[in-house]
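Notes for the one structure printed next.
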Amino acid sequence: MSDLATLEQRAQAELAACADEPTLRAWHTKYFGKTGEVLTALKAIGGVPHEQRKTYGQEANRIKEALTAAYEKALAAEKERALQASLTANPLDVTLPGRPVQRGRLHIATQTMRQVYSIFADMGFQVYRTREVEDDHTNFELLNMPPHHPARDMWDTFHTTVPGVILRTHTSPGQIHVMREFCPNPIRVILPGMCYRYEAITTRSEIQFQQVEGLVIGQHVTMADLKGTITAFARRLFGQERQLRIRSSYFPFTEPSIEVDIDWPKEDPNADRLTKGTGWLEIMGAGMVHPVVLRNGGYDPAKFSGFAFGMGPQRITMLRHAIDDIRQFWGNDLRFLRQF
Ligand code: FA5
């Protein structure tokens, strides 16, 4: 019985000395944890001689109740004290008007991509997404560029540490993926995404840029379909007044191949610099899908034909908004981004 009295006095004294919540909680563990002193005292009831057991039990339970009540009171008081202290330290004026939430906006690159999707959707094209990390085989070989083919020099490549695994240099390898998935059905898709080239950064060229590939495969698809599709697209995006120029070109995966330019507004003081004095800016390469590529995709070139194009949305956006430096796109300068 005297042990119980000492226990109560000691516990009350230590409780009164607790200055914050962590010490209060530590006190609780010491006395009420699984092996805590109060619980141990309660468990000891069984060992007390029979005649004293009732009194001992009553006293132990009274101490348990008293200490629990004292602890809860002390904890509540401490929480209240901490709240008042924090309110005084960081006064909060709830009557002040709230700060307006800043509204974000879509990046100009995203806005252009969505316009491109919408125009092609009206022409019956679906969006097909493919990988940014490609293998050399699909990025080059299946597009009719065997190892050491000189045309590979057109695409300076970022290689990974895994042999044969590269960052795609253009969206054209997507043509192989989509053909192999849908063969022998007809295809009408656009394949948007990021491309990477290990080349010098200039006002017109970045090492990371988007492309939108287009691919149409069917029976009796002709060059006239390609020209009609591209012209309809350019008219929708740039309006009737802008000039479109189609030149013959070379790509290993199309035959014949073309390139498409749009005229730069003559009144723009940057026109000469950005068009290298020509007045035109190239926006895409295109052509009729090469028979080797059709075969690699699973289609018989005797029965099927198709056209493909690959355009650069950053160049298109530059043309539409007279942006004089492609580096603005990924520069994260809010003064630039807020204009759109
Ligand atoms: C190609 O990449 C071909 N794959 C396009 C193609 C697809 C041809 C299907 C035939 C059939 P090219 O390297 O010219 O071609 O790039 C196509 C477009 O991507 C360019 O017209 C330009 O708009 C954009 N582009 C190319 N390089 C860069 C760069 N470094 N920075 C920004 N845009 C670029």
Side-chain angles (χ1 to χ4, degrees), residues 109 112-113 116 128 130 134 138-140 142-145 151-158 166-179 187 189-217 221 223 225-227 229-230 233-234 237-238 244-262 264 274-276 278 280-290 292-294 297 305-320 323 325-331:
T112 304
M113 289 301 253
V116 172
Y128 187 92
T130 63
E134 261 298 353
T138 319
N139 195 81
F140 292 116
L142 294 175
L143 294 175
N144 204 21
M145 282 177 277
R152 284 184 175 217
D153 291 349
M154 290 159 74
W155 294 278
D156 293 318
T157 309
F158 281 110
I166 61 167
L167 299 187
R168 68 173 169 197
T169 56
H170 51 174
T171 40
S172 299
Q175 291 184 28
I176 300 290
H177 295 298
V178 76
M179 280 195 268
I187 292 174
V189 292
I190 51 171
L191 306 104
M194 206 58 92
C195 302
Y196 305 86
R197 290 189 197 172
Y198 183 58
E199 56 183 46
I201 298 177
T202 68
T203 47
R204 302 150 37 112
S205 297
E206 260 285 8
I207 55 170
Q208 170 181 339
F209 56 94
Q210 289 167 308
Q211 280 193 341
V212 179
E213 189 89 4
L215 180 69
V216 173
I217 305 281
V221 176
M223 189 81 175
D225 298 317
L226 169 59
K227 287 171 73 176
T229 306
I230 289 173
F233 165 73
L237 196 68
F238 293 104
L244 175 107
R245 180 172 83 167
I246 295 179
R247 295 177 280 119
S248 76
S249 185
Y250 169 74
F251 294 101
F253 35 89
T254 45
E255 178 60 34
S257 304
I258 57 169
E259 273 177 317
V260 180
D261 303 332
I262 297 280
W264 192 276
L274 286 158
T275 65
K276 294 184 183 153
T278 63
W280 300 93
L281 191 74
E282 176 207 313
I283 57 157
M284 69 168 91
M288 300 305 292
V289 180
H290 197 289
V292 167
V293 178
L294 278 174
S305 57
F307 68 75
F309 55 81
M311 69 178 85
Q314 269 75 74
R315 296 262 176 91
I316 289 173
T317 312
M318 290 173 79
L319 275 162
R320 293 186 69 211
I323 296 168
D325 194 332
I326 200 168
R327 284 168 287 199
Q328 298 276 19
F329 283 91
W330 317 131

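Numbering of ligands and ligand atoms starts at 1, following listing order. The model shown is predicted, which means the values in this text are computed figures rather than measured ones.
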Q. Does a donor on one side chain and an acceptor on the other come within less than 3.5 Å for Glu206 and Gln314?
A. no
Q: Could you verify whether a donor N or O on one side chain and an acceptor N or O on the other, from Arg168 and Thr130, lie under 3.5 Å apart?
A: yes
Q. Is the gap between the ring centers of Phe253 and Trp155 under 6.0 Å?
A. yes
(Q) Please report whether the ring centroid of Tyr198 lies less than 6.0 Å from that of Phe158. (A) yes
Q.
Main chain of Thr275, side chain of Thr278: is a donor-acceptor contact present, judged purely on distance under 3.5 Å?
A. yes
Need the list: ligand 1 N/O atoms against protein N/O atoms, distance under 3.5 Å, rounded to one decimal.
| from | atom 1 | to | atom 2 | distance (Å) |
| --- | --- | --- | --- | --- |
| ligand 1 | 2 (O) | Trp155 | NE1 | 3.4 |
| ligand 1 | 2 (O) | Arg197 | NH2 | 2.9 |
| ligand 1 | 2 (O) | Gln211 | NE2 | 3.1 |
| ligand 1 | 4 (N) | His170 | ND1 | 2.8 |
| ligand 1 | 4 (N) | Ser172 | OG | 2.8 |
| ligand 1 | 13 (O) | Arg197 | NH1 | 2.9 |
| ligand 1 | 13 (O) | Arg197 | NH2 | 3.1 |
| ligand 1 | 14 (O) | Glu282 | OE2 | 3.3 |
| ligand 1 | 16 (O) | Gln211 | NE2 | 3.3 |
| ligand 1 | 19 (O) | Gln211 | NE2 | 3.1 |
| ligand 1 | 21 (O) | Glu282 | OE2 | 2.5 |
| ligand 1 | 21 (O) | Ile283 | O | 3.4 |
| ligand 1 | 21 (O) | Met284 | N | 3.4 |
| ligand 1 | 23 (O) | Ile283 | O | 3.3 |
| ligand 1 | 23 (O) | Gly312 | N | 3.3 |
| ligand 1 | 27 (N) | Arg197 | NH1 | 3.4 |
| ligand 1 | 30 (N) | Glu199 | OE2 | 2.6 |
| ligand 1 | 30 (N) | Glu206 | N | 3.4 |
| ligand 1 | 30 (N) | Glu206 | O | 2.8 |
| ligand 1 | 31 (N) | Glu206 | N | 3.1 |

Q | 4.5 Å side-chain heavy-atom contact, Glu282 and Arg247 | A | yes
